[in-house]
Amino acid sequence: MDTLPVLDTQIGYINQPIDRTLNIVEEIGRLKQEKNAVLLAHYYQEPAIQDMADFIGDSLGLARKAAETDADIIVFAGVHFMAETAKIINPTKKVLLPDLNAGCSLADACPAPEFEAFKAQYPDHIVISYINCSAATKAQSDIICTSSNAEHIVRQIPEDQPIIFAPDRNLGGYLNRKLNRKMVLWDGVCIVHQTFSEQKLVRLKVRYPNVPVLAHPECDAPVLKHADFIGSTSQIRSFAVSDASDTFIVATEEGILYQMQKDSPHKTFIPAPPESGCNCSQCPHMRLNTIEKVYLCLQHETPEITMDESIRIRALRPIERMLEMSRSIV
Ligand code: 13P
Ligand code: SF4
């Protein structure tokens with residue numbers, strides 16, 4: 001009898017050879033049906049995963065899908081905080097992450113004990129946390145937001161109510177400038193968006209005058225000031241579909257370009273260059289997931305997201321507030 005492979009928690013995924021003759025795409029489809037599983041994927045996943053997904057979206061879209069699914073198993077092709085959010089919303093469902101080590105620099109930058117000490121310095125402030133944080137940090141927050149609803153949510157908070165915004169200082173700074181707020185910011189950044197080069201972007205704009213720059217708000221202020229449109233991954237995608245331009249410069253993780261190009265095959269998308277010599281802007285965490293790992297995790301139903309129930313209950317409240325406060329956002 002075959003022995004079940006054991007998850008090596010150091011490696012973070014089932015490390016098992018796959019029969020080369022197996023049609024993985026067909027097998028994933030078969031397993032999804034057999035197990036009543038749904039595959040949710042973020043835009044920063046490799047194209048093979050995006051093609052297999054039942055839903056592709058930004059963090060808000062994915063959280064909403066996780067909230068409404070009636071599947072027994074959610075395979076989350078994204079990073080840990082996203083799968084954790086799905087589990088917080090769905091305690092009785094099995095939530096699988098193809099590679100347990102798929103983390104996020106923003107979530108890592110805001111450990112819950114340090115955040116608790118930081119919060120204690122501002123007792124009259126409420127806490128709005130970007131969804132890119134751990135369940136333990138969410139549990140210390142009043143409201144969660146994503147890049148697509150952050151502005152909408154902050155606008156609903158009375159101007160005389162002081163706010164701590166964590167963990168993304170770039171998104172928080174962008175909101176402070178746009179809404180004329182003075183939110184206290186936790187000092188975290190996304191390692192991918194932080195490294196876009198303003199100088200190289202300006203050179204690109206000289207080469208391609210009148211080409212709109214579409215940027216994610218996780219980018220640093222010097223890059224954002226050159227943007228014609230700032231929004232979440234889904235919002236950037238929609239903008240490129242509806243705008244009349246035929247060429248765009250895109251400042252976010254390059255995985256988004258796959259759907260943008262599929263939406264508009266006749267349009268040209270130029271990735272904004274990072275500071276480093278290489279011209280790619282891939283999130284090393286997101287890219288830990290592969291179609292093979294999706295197959296193995298669905299087959300063996302591991303690695304699974306688990307968490308302390310008291311943290312889950314406390315983390316659920318600010319997520320529910322977010323969903324409630326951003327109902328009107330499509
Ligand atoms: P959105 O897809 O919500 O814009 O967020 C991007 C991101 O940070 C994913 O890591
Ligand atoms: Fe985190 Fe940045 Fe990767 Fe998104 S792109 S998962 S914010 S490190």
Side-chain angles (χ1 to χ4, degrees), residues 1-104 131 135 255 258-259 285-309 311-312 315-316 319 323:
M1 200 177 87
D2 285 351
T3 47
L4 278 179
V6 181
L7 175 73
D8 182 332
T9 45
Q10 288 251 293
I11 299 179
Y13 60 93
I14 297 283
N15 191 11
Q16 184 189 258
I18 300 175
D19 177 358
R20 280 172 184 227
T21 62
L22 200 74
N23 182 330
I24 291 191
V25 170
E26 267 176 33
E27 275 303 294
I28 292 174
R30 187 185 63 76
L31 288 169
K32 274 199 305 181
Q33 253 197 327
E34 184 183 297
K35 298 180 184 234
N36 188 27
V38 68
L39 174 59
L40 306 182
H42 189 265
Y43 291 115
Y44 300 164
Q45 296 296 285
E46 63 180 25
I49 297 179
Q50 295 193 37
D51 283 344
M52 275 308 295
D54 297 289
F55 177 79
I56 320 164
D58 65 3
S59 307
L60 179 62
L62 288 163
R64 282 173 168 162
K65 278 287 162 197
E68 69 196 29
T69 184
D70 55 8
D72 297 316
I73 296 179
I74 299 173
V75 180
F76 215 114
V79 287
H80 195 274
F81 77 81
M82 295 179 168
E84 213 176 38
T85 303
K87 184 66 183 176
I88 293 167
I89 298 171
N90 291 292
T92 60
K93 294 190 197 299
K94 198 174 250 187
V95 179
L96 306 173
L97 181 63
D99 190 322
L100 216 43
N101 289 328
C104 168
I131 197 163
Y258 182 58
Q259 294 301 326
H285 307 290
M286 286 276 183
R287 303 294 173 142
L288 285 178
N289 295 324
T290 61
I291 192 77
E292 290 80 9
K293 289 180 190 171
V294 168
Y295 163 68
L296 287 169
C297 97
L298 182 54
Q299 187 189 25
H300 300 292
E301 300 185 20
T302 190
E304 184 182 355
I305 301 290
T306 55
M307 79 190 66
D308 180 274
E309 181 61 5
I311 290 184
R312 190 195 70 78
L316 179 60
I319 294 173
L323 294 172

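We count residues from 1, following the sequence as given.
Side-chain contact between Ile305 and His80: present, with at least one pair of heavy atoms (C-beta onward) separated by less than 4.5 Å. A 4.5 Å side-chain heavy-atom check between Met52 and Gln45 finds every atom pair outside the cut-off.
Once rounded to the nearest 0.5 Å, the distance linking CG of Leu22 with CG of Asp19 reads 5.5 Å. Separation of atoms CG (Leu298) and NZ (Lys293) is listed at 16.0 Å; rounding is to 0.5 Å. Atom CD1 of Ile14 is separated from atom CG of Leu296 by 7.0 Å, given to the nearest 0.5 angstrom. Atom CG in Leu40 sits 7.0 Å away from atom OG1 in Thr69 (nearest 0.5 Å).
The minimum heavy-atom distance linking Ala41 with Ile49 is given by the pair CB-CG2, 4.1 Å.
When the shell of 6.0 Å around CD of Glu309 is examined, it contains more than 12 heavy atoms from other residues, nucleotides or ligands.
There is no side-chain donor-acceptor pair under 3.5 Å between Asn289 and Glu46.
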>> side-chain contact (heavy atoms from CB on, under 4.5 Å), that's the test. Do Gln16 and His300 meet it? Break it down for me.
In response: CA-CA 11 Å; Gln16 184 189 258; His300 300 292; 3.6 Å; yes

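For the pair Lys35 (side chain) and Gln299 (backbone), a donor-acceptor distance under 3.5 Å is present. A side-chain donor-acceptor contact under 3.5 Å links Asn101 to the backbone of Ile11.
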